[in-house]
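The block underneath contains the structure these notes are about, expressed in structure tokens.
Owing to the predicted nature of the structure, the values given are computational and were not obtained by experimental measurement. Below, chain A is the first sequence line, B the second, and so on; all start at residue 1.
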Amino acid sequence: MDLSDYPLELPEGDRPMVRFMNVTKRYGTLTVLDRLDLDVAEGEMVTVIGPSGSGKTTVLRMLMTLETINGGVIYVDGKPLTHMEKGGKLVPANERYLRKARSSIGMCFQHFNLFPHMTALQNCMEGPVQVLGMSKSEARARSEELLEMVGMIDKKDQHPSRLSGGQQQRVAIARALAMRPKVMLFDEVTSALDPEVIGEVTNVIRQLVAEHNLTMLMVTHQMGFARDISDRICFFYQGKIEEEGPPEQLFETPQKERTQQFLSAVKDAG
Amino acid sequence: MRFDWDWEFTFEILPRLLAATVNTLIAAGLGYAIAVVLGLVFALAQRTPVRSLTFTVREVVEFIRSTPLVLQIFFVFYVGPQFGVRLSPWTAGMIAIGLHYSAYLSEVYRGGIEAVPKGQWEACRALNMSTRDTYLRIVIPQALPPSIAGMGNYLVGIFKDTPMLSVIGVAELLHTANAIGSENYRFLEPYTLVGIIFLAISLPAAGFVRLFEARVRRKLGL
């Protein structure tokens, strides 16, 4: 498919919050995503599972524009994210376009990536003040509200080095939410945590799902958690969606052999 | 040959050498100020996506680091006039030594910037920060503390290299000691004093750099 075959904008009535259309990602000769099609509806919580190397983290990183795209187009809210219009057709987006396009997306990382030279509160205020141009007092109010929500308000003046992994991840969630994204990405946010603090992070995400109409895309190894809160599960295998469906269906009656193998391997390990 | 140290002569020449020390410190300070700023420019220029700029700056830095400082000083001072650039010894000296050390400092900065984890850059992108804010507010503050030790070494280095400016007639310590020596046919005392003065400044300076590094780390909460 040539770039001119992709619509400049998705038509009214067929505008999921996120659409991967024929997306390919290669690292050298290794194809990580192979002509992927994936829609995420507004307010939907989709969890991506699969063996390591199946490309599930790449899906999130592409959507955050941390990786370049080798084929296809990603649309967010109907508009192209990875490409922009030029002379009536799509061309790869430049940095200026990307800055505008990715403003509706927020992301939390496996290793938190908090800014170590700033306190928890300063971490949350940084984006609103520097990027959104918000006044400091307004940004502080918003940040404190979010730190309250994730249960970190009493640690707001601590630097990340003084916080546990679970606490750092909760601050990172507040920091991402402070930018008011429409789409939130959670990339293995509990994988680097000690088992006893995983709950404090998953509880925050549960609360988000219950109380907010955020569109969320998550990669996790916590199968029980994924099953509880997801609207849909996508099982990735070798850069493609091997099988997808509602959690009960996918976990209880998986249709594909690879899905069955993966789930029983995970169950044995757990 | 015998060792005869003349204390009277020593005290007679000390004020002149101390006055020259001020010049040495000014030369080191000015040269370092140029190097600190220009070094950062060199380091950042090597990180732009503009290939030709990156390549040119990289080669310039390599060239400066691979040729002797004293040659660079001669070059700026004596070759400049052939191209119509006529500079005073001080100006030529400051340009040469500042440029020389900016090449070294750019490598220190580069190391510091490369030591900032990739996740920090990705977090900046996820927060949609501009490249400018990413550098100024996130990357450089974190690149600074690990760079301080290297920057301190070169501060002492530039101070010890200022005697090279004597070859074009900048009246710093060594130049003054030479003058005293040839006026009086006595070199033992002036050269010894120059050595002691350098030692008396270099040693505490290295200690201060370590204290400063600890302070910056504390201040940034690292």
Side-chain angles (χ1 to χ4, degrees), chain A residues 57 60-61 63-67 94-96 98-120 122-133 157-163 168 171-173 175-181 183-187 192, chain B residues 40 43-54 108-151 210-222:
Chain A
T57 284
L60 268 54
R61 293 178 58 84
L63 190 49
M64 193 64 255
T65 67
L66 296 174
E67 306 283 347
N94 60 22
E95 191 54 38
R96 184 193 294 194
L98 281 178
R99 276 207 78 200
K100 229 176 107 199
R102 68 165 161 253
S103 63
S104 53
I105 304 166
M107 182 165 183
C108 292
F109 301 88
Q110 182 177 355
H111 296 290
F112 335 125
N113 300 349
L114 289 176
F115 303 134
H117 56 302
M118 298 181 180
T119 63
Q122 287 167 338
N123 263 281
C124 295
M125 288 171 62
E126 184 67 13
V129 172
Q130 302 298 332
V131 180
L132 305 181
D157 295 322
Q158 299 284 357
H159 282 88
S161 58
R162 300 291 209 79
L163 303 175
Q168 288 190 56
V171 173
I173 293 172
R175 177 176 73 172
L177 290 174
M179 298 299 284
R180 296 275 155 92
V183 183
M184 268 291 279
L185 310 175
F186 295 101
D187 185 16
Chain B
L40 188 60
L44 294 179
Q46 286 180 58
R47 299 190 58 94
T48 58
V50 187
R51 281 272 179 83
S52 54
L53 180 66
T54 304
V108 173
Y109 294 137
R110 210 163 64 98
I113 289 172
E114 277 167 15
V116 175
K118 208 168 133 248
Q120 294 290 305
W121 297 88
E122 293 183 350
C124 291
R125 257 195 130 172
L127 290 176
N128 209 12
M129 291 172 74
S130 66
T131 308
R132 185 175 165 274
D133 282 345
T134 300
Y135 272 106
L136 286 182
R137 302 198 45 90
I138 308 302
V139 173
I140 291 177
Q142 291 182 65
L144 203 57
S147 303
I148 289 175
M151 290 174 75
R210 274 193 294 277
L211 283 178
F212 181 66
E213 183 185 356
R215 223 186 111 166
V216 169
R217 278 186 191 278
R218 249 201 326 278
K219 229 178 166 167
L220 290 173
L222 296 171

Problem - Check: A:Met64 main-chain N/O paired with B:Arg125 side-chain donor or acceptor under 3.5 Å - result: no
Checking [X] against chain B: side chain, backbone, both or neither under 4.5 Å from a heavy atom?
X: A:Glu95; value: side chain
X: A:His117; value: both
X: A:Ser103; value: both
X: A:Glu126; value: side chain

Fill in the blank from the handout: Counting heavy-atom pairs under 4.5 angstrom with chain B, the leader among A:Val131, A:Leu132, A:Leu185 is A:Val131
Practice task
May I ask you to name which of A:Pro116, A:Gly127, A:Pro128, A:Ala172 has the most heavy-atom pairs under 4.5 Å with chain B?
Solution key: A:Pro116
Completion exercise
Checking heavy-atom separations under 4.5 Å from chain A, one finds in residues 139-150 of chain B B:Pro141, B:Gln142
Fill in the blank from the handout: Ordered numerically, the heavy-atom neighbours of chain A under 4.5 Å found in residues 128-137 of chain B are B:Asn128, B:Met129, B:Ser130, B:Asp133, B:Arg137
Exercise for the section: Just jot down the side-chain contact (heavy atoms from CB on, under 4.5 Å) partners of B:Thr48, sequence neighbours excluded, or say none. Expected result: B:Val50, B:Leu53, B:Thr54
Practice task
Over all heavy atoms of both residues, which pair between A:Phe115 and B:Ala123 is shortest? Give the atoms and the distance, please.
Solution key: CE2-CB, 3.9 Å
Handout entry: Nearest heavy atoms of A:Arg175 and B:Leu127, plus distance in Å
Key = CD-CD1, 3.8 Å
Handout entry: With sequence neighbours excluded, residues passing salt bridge (charged side-chain N to carboxylate O under 4.0 Å, His left out) with B:Glu122
Key = A:Arg61, B:Lys118
